[in-house]
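In this text, all values refer to a predicted model and were calculated from it rather than measured experimentally. Whatever order the structure lists them in is the order used to number ligands and atoms, beginning at 1.
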Amino acid sequence: MCGIVGYVGDRAATPLLIDGLKRLEYRGYDSAGVAILNGKGIETRKAAGKISRLEAVLASNPVSGNSGIAHTRWATHGAPNECNAHPQMDCRGHIAVVHNGIIENSTSLKARLVELGHKFVSETDTEVLAHMIEEAFDGNLEDAVIEALWQVEGTYGIAVVSSDDRDKIVAARKGSPLLIGLGDGEYYVASDASAILSQTREVVYLDDGDLAVLTKDGYRVIDLRAKDLERTVHKIDWDLSQIERGGFDHFMLKEIFEQPETIENCMRGRLLDEEGTSKLGGLNMTDEELLKFDNIVITACGTSWHSALIGEHMLEELTRIPVEVEYASEFRYRNPIVNDKTLCIVISQSGETADTLAAMREAKNRGARTYGIVNVVGSTIARESGGGIYVHAGPEIGVASTKAFTSQVIALALLTLKIGRLKDVSVVRGKEIIHALRALPGQVKEILDRAAEIEEIAEEFKRAQNFLYLGRGYNFPTALEGALKLKEISYIHAEGYPAAEMKHGPIALIDEMMPVVFITPHDSVFDKVVSNVHEVKARKGKVIAITSRDEPSLVGMLDYEFRIPQTVDMLTPVLACIPLQLLAYYIAVKRGSNVDQPRNLAKSVTVE
Ligand code: M6R
């Protein structure tokens, strides 16, 4: 999704801004631009497409100055072309704005501005902001931004500069992440810490409703009534090498191979072997409180929603508390039955997904306790939830989520263990689960050591047009996740189904051209899935099976087989998803896709 970087200080702003934009590339975008205060006025350079195009524009027509703002845009209003790229300007070219989010009342605001004589050049909602700030401007930029923002409905993370109030950046946030970076005689604004991490580790996260004023002499955070606010300075402790590729061809592959370590990180210090339970520091709830909930609602999007489905299965099996999983985008608009007896678990890698954040706020408003399972430390969901588990997967750069997914499943297993042991789960069963959890990093490594086997299967199927993924029980969500990974990065149509549902429709699709991936480890529903394998084979479908041991009933039935180690049922998705991630990855690479930044997708979807 869109990215913002801004700089004010004594150094040349342009290279710093371009460096910052490049570090945000992983988020997905389709155009980029900069606005530099050059001592006399504002100069902008913009380009459709990748940042390299913007660099080419800057090389042939350089621009220099000591402060400026920059943006990578992911189109929402208007095509991804140079005109619609940010920064957007006012009529006189004295005010430049970069914006993440959506101004929902832009049409009516624009009509009013047009009546007042403003001339618009782009199709963006952002340009409305530039003209509104122009209309309100009376010599002081923050006052004008405040006046404009009072009239705006929707979401924004913005950075604004003006040649009539120089060497100052005004930034504001509502519903779209923004932070300030603190340097020595220089300050930054960014939508994501990775943009400025090479320059500073001291950051201030802005909250919704905050407005920041940055000059090279210091910064202030104020509210929309211009009242000064106190905001904590945070120190970022992850380093840049963690977000570099580390010798792998793609971030996605690196992240797949990091999973033995990230799974370990998620469990570190949280397992109580002797008691057969877990210890969750961020819970902020007593055992008594934890036992008081009548029901649990888990809400999330995409891959995080798939881990939620696995969590539902675990929690219901071991705690006997009714659990519902809701797409966050649906939950927020459907008058959900949630009250102070509900525990609402919110799962998000980024902690910034707009729908998930809105769903969490909705649950909170209805009195539910909210609990975040989040990767990005300091993200909005992490800060606004009443407690939670950081999954500690480290920065996930590849747009297709991999290591965050396995860590989310581990976090859900830890929570299940905790509540389950407070209820009826015996210490023996608790210990059995802990034993299985502890074995996972080694087992994942074992699978990764055999990645070449998956690459061979990928070679065989790289030209397929369709794929079916089938699984049951804990591995129905794994099937959904395998299909999502494949379609996201290879653009092959893929569907995930509960294996037994196949006969209610998708079976019509099966012929010799249809690869069907069965996720069928030896678990409690194994025998049932075997029948479905036979049904596919009888119709000449190509069977690729993820299994966990020799099974006479499958002899002669499998075109390709990949063995995963044995574990307890509830943890089978953690092992079964690894070959599926690799299959998607290798097929995508063989088809020449842009694996880390697949078309049309964004890493963090911060618009509705
Ligand atoms: O950051 P989140 O976990 O909230 O993101 C949710 C989805 O946007 C995300 O999982 C998306 O589906 C990924 N591209 C999956 O690979």
Query raised in the report: Is the distance between the ring centroids of Tyr585 and His250 under 6.0 Å?
Result: yes
Report task. Give the ring-plane orientation class for Tyr327 versus Trp305, where under 30° counts as parallel, over 60° as perpendicular and anything between as tilted. Result -> parallel
Query raised in the report: Under 30°, 30 to 60°, or over 60°: which ring-plane class applies to His313 and Tyr474, parallel, tilted or perpendicular?
Result: tilted
Report task. Assess the pair Tyr469 and Phe518: is the distance between their ring centroids shorter than 6.0 Å? Result -> no
Report task. For Arg201 and Leu197, indicate whether the former's side chain and the latter's backbone hold a donor-acceptor pair under 3.5 Å. Result -> no
Query raised in the report: Do His493 and Phe467 have ring centres separated by under 6.0 Å?
Result: no
**Report entry** Contact residues of ligand 1, where a non-hydrogen atom lies under 4.0 Å away
**Finding:** Cys301, Gly302, Thr303, Ser304, Ser348, Gln349, Ser350, Thr353, Val399, Ala400, Ser401, Lys485, Glu488
